[in-house]
Amino acid sequence: MSAYLLHLAIVGGIYIILAISLNLIIGYAGQVSLGHAAFYGIGAYISALTSLLWHFPFPLAALSAILFAGICGLLLGLPTLRLKEDYLAIVTLGFGVIVDMVFLNLEITGGPDGLPGIPKPSFLGFSFRSPGLYLFLTLLAVLLTLALTYRLVHSYHGRALRAIRDHEVTAQVMGINTPAYKVAIFTLAAALAGLAGSLYAHYITFINPESFGLHTSILILCMVVLGGMGSLLGAVVGALALTVLPELLRQFKAYQDLAYGALLIGLLIWRPQGLLGSGKLSLKFLERKG
Amino acid sequence: MSLLEIHNLTKYFGGVKAVDGVSFTVHQGEIAGLIGPNGAGKTTCFNLISGLLPPTGGAVTLLGEDLGGLAPYYRSRRGLARTFQNIQLFGGMTVLENILTGCHQRQEVGVLRALWPGGVVRRAEARARERALELLDLVGLAGKEDFPAEALAYGEQRRLEIARALAQEPRLLLLDEPAAGLNSRETEELMALLEALRDRGLTLFIIEHDMTLIMGLCHRVVVLDHGQVIAAGPPQEIRRNPLVIEAYLGREEEDGDL
Ligand SMILES: Nc1ncnc2c1ncn2[C@@H]1O[C@H](COP(=O)(O)OP(=O)(O)OP(=O)(O)O)[C@@H](O)[C@H]1O
Ligand SMILES: [Mg+2]
């Protein structure tokens, strides 16, 4: 495999984890989250900082990233998910912006310059310096994520989530503790995004706030909407498609955000369930009852 | 023995007194009816009992326990199940999956036990499926388990909703107009089903406009009008009660039906 393809495969793998995790929130639980890149960024910075400052080995740094991002998800989800869904869209959007500002302005995160010199992982006697080995590591994380989420969504938990998505009040009447489910799934999704952030940081070895802003949140959202709400395979397909397509259309890079916006709007109008999905993006938060 | 006790239950929507100081009791093992003209506050009563709306005042107790402030999912765990006047199935699911959502609380295991390999979750799922299929059979939907819920005929959807409520293994089942939209043969089947459930020891509380069903099934009937109880007692008495007759006829005059 050429170096370029290896690079695309690794980045694609990271996006798969991000798309799967966001799909848990949006596609399975039917909640709108517009700030997923914030958890991705939190994972990346925590993983980078624990490695740089305290020389955590990669597994421990990644674990810290997962835990910290998960706790941030829990702390954000606890107060907001109990409220109506319109709040979640607004709060996650705001959260994304705030986290971005924090990365930009803190000294410890290196401000706009970011953090250079993040070590490549080496543990268990292996050094994952070569892209080939890093791809292996990424695939391992992708497989773990897939296995975990597959088990989750194909169990009664997945059914409970779909019930919440279809009709939250009725789900409650069925005995499903909907606030607990929403908080749990939001926390899990944030933790998985943290894992993706860790993988990204130790691969690129240099991070700055630019990678974790609103446009990244929108990109992940596009992957989910394109591939399909409530479909694991859909998230994989969506992530890979939007990793590869922009590369093919390099010369139009200036129009990328415009293209994503157009893609999102187009899908919502003509195929709201995405290529492989079952549910639709919940736009209930846009509806205002008189 | 009393199962459900409603005490001075009140719900105001702005200036509308939808439920206005309602008190009554549903006894264990009986079929109780809740009737009244359109807009009398029947559905609102059910919403208050099942915890979908916070009351303006008053109390709901189940087996002596005050349900005040409990979310609907906790009330379900205490033995309360219901159906809806306008059918509320999970449209994105199959018939079987709809019933399985009702099994949810019986399937719950701790996170660690669920992650532990060894099939705790799988076994619980298998049990739930078995039970769901039994219930499908009971309501006469055997063989339709893999249909999308939305593809069922209207009367079948009503029965599916009942099966899903039964999957929660309730003590008390609240049915909001279960015969609405059914033809007379379907209504008869429904009555047979409800009687069979009562014989199994389930307590039923039914809102219904179909008087054949109410008169044929209920041991006791509560009549609401303008949010207030205007009569309560055995159906034969209720039918002769001048207040009840007036409430129904009076409303019809307003509608210009007479
Ligand atoms: N969520 C709500 N907000 C405002 N008003 C409401 C609400 N729900 C019910 N009402 C009002 O409360 C009153 C009682 O309504 P309810 O649905 O309980 O009547 P009902 O007895 O079930 O009638 P029907 O036989 O037509 O189903 C009506 O005047 C209705 O307009
Ligand atoms: Mg009603």
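Throughout, protein chains are lettered first and strands after them, A, B, ... in sequence-line order, and every chain is numbered starting at 1.
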From the list A/V169, A/L152, A/V173, the residue making the most non-hydrogen contacts under 4.5 Å with chain B is A/V173
Of all heavy-atom pairs linking B/S76 and A/G175, the shortest is OG-CA, 3.4 Å
Closest non-hydrogen contact found for A/D166 with B/G92 is OD2-N, 2.9 Å
Evaluation steps, side-chain contact (heavy atoms from CB on, under 4.5 Å), between B/R164 and A/M174: CA-CA 8 Å; B/R164 186 181 64 178; A/M174 292 305 119; 3.4 Å; yes
Flag side-chain contact, heavy atom, 4.5 Å: A/H167 against B/T101: no
* Asked: Considering only heavy atoms from C-beta outward, does the side chain of B/Y73 approach that of A/P179 to under 4.5 Å?
  -> yes
If you draw a 6.0 Å radius around NE2 in B/H7, do more than 12 non-hydrogen atoms from other residues or ligands fall strictly inside?
-> no
**Asked** For B/Y154, does the OH atom have more than 12 heavy-atom neighbours from other residues, nucleotides or ligands under 6.0 Å away?
**Response** yes
[X] portion near chain A, given a 4.5 angstrom heavy-atom threshold:
{"X": "B/L52", "answer": "side chain"}
{"X": "B/Q88", "answer": "both"}
{"X": "B/E97", "answer": "both"}

Greatest number of non-hydrogen atom pairs under 4.5 angstrom with chain A, of B/Q105, B/H104, B/E125, falls to B/H104
The reported gap from CZ in A/R165 to CE in B/M93 (rounded to nearest 0.5 angstrom) is 7.5 Å
